[in-house]
Amino acid sequence: MVDQSETPLEGTRLPPGQYVPRGQPVIHYGRVPSFRPATWEFHVMGATATGEQYRFSWPRFSELPRTTVVADFHCVTKFSIMGNEWRGVSAATLMELAPPAPEAGHVMLWAEYGYSANIRMSDFARDDTLFALELDGKPIAPERGFPVRAIVPHLYAWKSVKWVRAVEYLVEDKRGFWEERGYHNIADPWREQRYSYQEEPGEGPP
Ligand SMILES: Nc1nc2c(c(=O)[nH]1)N[C@H]1C(S)=C(S)[C@@H](COP(=O)(O)O)O[C@H]1N2
Ligand SMILES: [Mo]
């Protein structure tokens with residue numbers, strides 16, 4: 001990762017209110033889960049096109065085709081980590097293998113220990129939404145989401161679920177972990193959608 005802390009990013013690559021700290025902060029709620037490849041599974045569930053619920057074993061998931069996404073990362077607590085090179089399985093690849101029902105307009109991303117984040121299907125289906133296995137050419141570190149982490153780079157980073165284990169297609173929107181605790185349902189950093197009190201009608205479930 002390139003140290004860009006000396007680069008004047010204000011007004012260009014940095015969304016309003018964000019700053020580039022020294023180093024790369026790590027934050028999450030709860031402890032780092034251990035990875036057991038023999039029992040690890042990735043599920044695609046909920047409103048799928050066929051009604052089928054999909055399970056990917058670790059050998060299967062880790063063999064899926066990978067793509068690279070270079071993206072900045074914006075935490076709602078205002079630090080940004082610039083120029084991360086993530087590599088993994090695109091949401092588009094997963095949607096081909098496990099297609100959503102046409103009426104599924106929302107997605108819940110589920111992690112170990114019940115952490116979750118909801119996003120709109122339009123955000124999920126973007127070509128930079130990824131299930132990353134590598135960061136900057138190496139397997140993701142345990143505390144940053146090993147073995148697989150969701151990356152939704154155009155939204156605040158709490159939507160980039162570490163230790164992700166399941167995708168749930170939703171017909172009706174539902175709030176995830178931080179969205180239930182006062183954070184914005186959509187979370188676009190360029191519009192500073194930080195808190196739920198900023199939500200306009202129609203931007204969140206009732
Ligand atoms: N499973 C899980 N994923 C999570 C979190 C968490 O608490 N649990 N925290 C989120 C928040 S608020 C941020 S800012 C980023 C931090 O990612 P980093 O530790 O790689 O910097 O992870 C996100 N993903
Ligand atoms: Mo965050």
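For ligands, and for the atoms within them, numbers begin at 1 and follow the listed sequence.
Not a single N or O atom of Trp178, backbone or side chain, sits closer than 3.5 Å to an N or O atom of ligand 1. Considering both main-chain and side-chain atoms, Phe79 never comes within under 3.5 Å of ligand 1 through any nitrogen or oxygen pair. The shortest N or O to N or O distance between Trp163 and ligand 1 is not under 3.5 Å. An N or O contact shorter than 3.5 Å links Ser160 to ligand 1 by distance.
Between Trp163 and His28, the angle of the ring planes goes over 60°, which puts this pair in the perpendicular group of the 30/60° scheme. Ring geometry for Phe177 versus Tyr115: interplanar angle of 30 to 60°, hence tilted.
Near Ala111, the atoms of ligand 1 lying under 4.0 angstrom from a non-hydrogen atom of the residue are 1 (N). Set against the non-hydrogen atoms of Cys75, the atoms of ligand 1 under 4.0 Å away are 14 (S). Near Val26, meaning under 4.0 Å from one of its heavy atoms, ligand 1 places the atoms 19 (O), 21 (O).
With salt bridges taken as basic N to acidic carboxylate O contacts below 4.0 Å, none links Arg165 and Glu41. At a threshold of 4.0 Å, the pair Glu179-Lys174 does not count as salt-bridged, since none of the basic side-chain nitrogens sits closer than that to a carboxylate oxygen.
At a 4.0 Å heavy-atom cut-off, ligand 1 touches Tyr115 through the side chain alone.
Distance alone, capped at 3.5 Å, places no donor-acceptor pair between the Glu143 side chain and the Val26 backbone.
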